[in-house]
Amino acid sequence: MGKALEGVRILDFTHVQSGPTCTQLLAWFGADVIKIERAGHGDVTRDQLRDIPDADSLYFTMLNSNKRSITLDTKHPEGKAVLERMIRDCDVLVENFAPGALDRMGFTWEHIHSLNPRMIVASVKGFGPGPYQDCKVYENVAQCVGGAASTTGFDDGPPMVTGAQIGDSGTGLHLALGIVTALYQRTMTGQGQRVLAAMQDGVLNLCRVKLRDQQRLERARVMEEYPQFPNGQFGDAVPRAGNASGGGQPGWILKCQGWETDPNAYIYFITQAPVWGSICKVIGKPEWVEHPDYATPRARLPRLREIFDTVEQWTMTKSKFEVMGILNEYDIPCGPILSMKEIAEDMSLRETGTIVEVDHPKRGKYLTVGNPIKLSDSPTHVERSPLLGEHTDDVLGEFGYSPQQIAALREVGAV
Ligand code: CAO
């Protein structure tokens with residue numbers, strides 16, 4: 001079976017996390033992703049957070065599957081010439097350098113476009129055009145400036161960042177969508193274009209429910225589904241909502257059996273309106289079904305604390321998986337808090353290819369997250385990440401360089 005992006009050639013100048021997430025996805029969909037790295041160093045994550053001496057880190061290997069690696073000094077005159085030749089023959093250039101770095105290398109949009117008018121140039125930057133456009137940005141900076149940190153955590157605590165890499169991997173996803181969209185438009189226009197995914201914008205896109213709430217707060221001064229209602233104070237900005245749900249169905253994290261010693265013995269419980277009767281039955285409160293203080297979602301809003309405390313008295317008598325089993329029988333939405341250990345050992349995720357075991361010549365076997373997007377006619381086979389410069393000779397050969405010419409480029413330090 002073929003792959004969706006077969007025939008698309010990508011020059012991958014990405015490093016760290018945001019850009020590599022994007023190009024890894026494109027590689028999984030069948031694009032030929034050629035990662036261009038600095039000789040001797042490569043992507044800085046190759047040796048960050050290393051768990052095995054001298055072997056590429058999990059940080060790197062889990063973000064660079066299915067790519068080929070070449071080393072090229074793009075500041076060397078002969079390296080520039082190689083890059084120009086590659087640009088003429090590729091479809092997309094992806095980069096997440098600090099602002100201006102590609103221009104400083106001499107590869108402005110105008111120059112790239114003149115070499116290959118069909119080329120799409122895709123960039124991750126911290127901010128879009130404006131006062132902060134020149135700033136370097138990492139994951140947690142993006143979470144802070146995109147509205148995630150101010151709205152995450154508990155009301156009586158400081159702003160908090162989340163473990164989900166919404167700034168980096170989230171922006172990589174946005175960029176990948178921009179690239180395939182530009183490829184689609186190119187089929188009609190024949191022209192490449194620039195694609196920009198700013199990390200602040202990507203995080204804000206994922207936080208749009210909080211911008212919704214900002215406007216609701218300005219109009220109503222309170223938000224009844226927030227834990228601050230009815231007892232706490234609302235200020236003039238969206239407060240941190242603890243574990244309250246971001247939607248219209250109230251939810252909270254509740255203790256389960258073993259919570260005293262197991263930090264993950266908890267379950268997310270949602271009091272979804274259509275199954276309120278079942279919830280009352282399961283937790284042993286049949287009188288709440290008709291009681292005017294509890295019967296409707298509106299009546300329940302000022303009593304959510306009491307309701308969740310009561311549900312918790314029931315969840316604490318069972319393990320989180322027992323609770324889930326019972327609630328599923330009644331179609332009551334819930335989610336056990338799974339530890340990374342439990343996820344890593346979950347065989348159903350292995351069967352779907354969401355978690356994959358890969359073999360690597362230097363590190364041996366390791367687990368990685370496979371393609372979370374499943375296409376019925378474009379299967380993903382996750383392959384290990386490349387060693388630094390592993391494919392330099394092969395790739396340069398494909399772009400017309402003879403072994404002698406490659407040796408000469410190596411001699412002068414261009415590759
Ligand atoms: N040959 C020659 N030079 C190369 C090269 C190559 N193959 N690859 C990279 N370089 C050079 C760049 O041209 C740049 O040189 P100048 O500073 O002289 O222009 C230099 O390497 C460093 O690149 P950088 O500025 O991108 O790297 P940094 O470590 O200083 O900054 C980061 C890292 C992530 C903060 C910055 O790249 C950035 O803000 N990127 C955009 C936002 C982003 O993606 N952030 C997410 C990172 S993951 O949390």
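In each ligand, atom 1 is the first atom listed, and ligand 1 is the first ligand listed. One-based numbering along the sequence shown.
A salt bridge is absent between Lys80 and Asp73: the closest approach of a Lys/Arg side-chain nitrogen to an acidic carboxylate oxygen does not fall below 4.0 angstrom. Under the 4.0 Å criterion applied to side-chain N and carboxylate O atoms, Glu260 and Lys255 are not assigned as salt-bridge partners. Note on Lys67 versus Glu383: no salt bridge recorded, every NZ/NE/NH1/NH2 to OD/OE distance being 4.0 Å or above. Look at Asp155 and Arg240 and you find no salt bridge, because none of the NZ, NE, NH1 or NH2 atoms lies under 4.0 Å from a carboxylate O. With salt bridges taken as basic N to acidic carboxylate O contacts below 4.0 Å, one links Lys320 and Glu342.
Counted by atom type alone, Gln228 and Gln233 present zero donor-acceptor pairs between their side chains at under 3.5 Å.
Scanning Phe127, Phe13, Tyr138, Phe97 for the heavy atom closest to atom 33 (C) of ligand 1 points to Tyr138. Nearest-heavy-atom check against atom 15 (O) of ligand 1 across His41, Lys75, Glu37 picks out Lys75.
Contacts between Val137 and ligand 1, counted as non-hydrogen atom pairs separated by less than 4.0 Å, involve the backbone only.
Ligand 1 has a nitrogen or oxygen under 3.5 angstrom from a nitrogen or oxygen of Asn96. The shortest N/O to N/O separation between Leu72 and ligand 1 falls below 3.5 Å. Geometrically, ligand 1 and Lys125 share no nitrogen or oxygen pair separated by less than 3.5 Å. At least one N or O atom of Ala98 sits closer than 3.5 Å to an N or O atom of ligand 1.
In this structure, His76 falls outside the shell of residues with a heavy atom less than 4.0 angstrom from ligand 1. Ligand 1 has at least one atom lying under 4.0 Å from a heavy atom of Met199. For Gly19, the heavy-atom gap to ligand 1 stays at 4.0 angstrom or more.
Counting only heavy atoms of the protein, atom 28 (P) of ligand 1 lies nearest to Lys136 NZ, 3.7 Å. For atom 19 (O) of ligand 1, the closest non-hydrogen atom on the protein side is Arg104 NE, 2.8 Å. With hydrogens left out, the protein atom closest to atom 21 (O) of ligand 1 is Arg38 NH1, 3.2 Å, a heavy atom. Looking from atom 27 (O) of ligand 1 to the surrounding protein, the closest heavy atom is His15 CE1, 3.6 Å. Here the protein heavy atom with the shortest distance to atom 13 (O) of ligand 1 is Met105 CE, 3.3 Å.
The contact set between ligand 1 and Asp73, taken as ligand atoms under 4.0 Å from a residue heavy atom, comprises 1 (N), 2 (C). Those atoms of ligand 1 with a heavy atom of Glu139 less than 4.0 angstrom away are 49 (O). Shown in contact with Val124 at under 4.0 Å from a heavy atom are these atoms of ligand 1, numbered in order with element: 41 (C), 44 (O). Ligand 1 places these atoms under 4.0 Å from at least one heavy atom of Asp168: 46 (C), 47 (C), 48 (S), 49 (O).
Judged by distance alone, the side chain of Glu322 and the main-chain N or O of Ser319 form a donor-acceptor pair under 3.5 Å.
Trp252 and Phe154 have perpendicular rings, their planes meeting at more than 60° on a 0 to 90° scale where under 30° would count as parallel.
Counting only heavy atoms from C-beta outward, the side chains of Ile10 and Asp32 never approach each other to under 4.5 Å. Put simply, the side chain of Val195 reaches to within 4.5 Å of the side chain of Leu175, judged on heavy atoms.
The side-chain hydrogen bond (donor to acceptor under 3.5 Å, both in side chains) with Arg68 is formed by just one residue from the set Glu390, Glu398, His391; it is Glu398.
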| said: Checking Phe107 against Glu84 for the side-chain contact (heavy atoms from CB on, under 4.5 Å) test, could you report, in this order, the C-alpha distance in whole Å, the side-chain angles of both residues, the deciding distance, and whether it holds? | reply: CA-CA 9 Å; Phe107 289 90; Glu84 290 188 351; 3.7 Å; yes
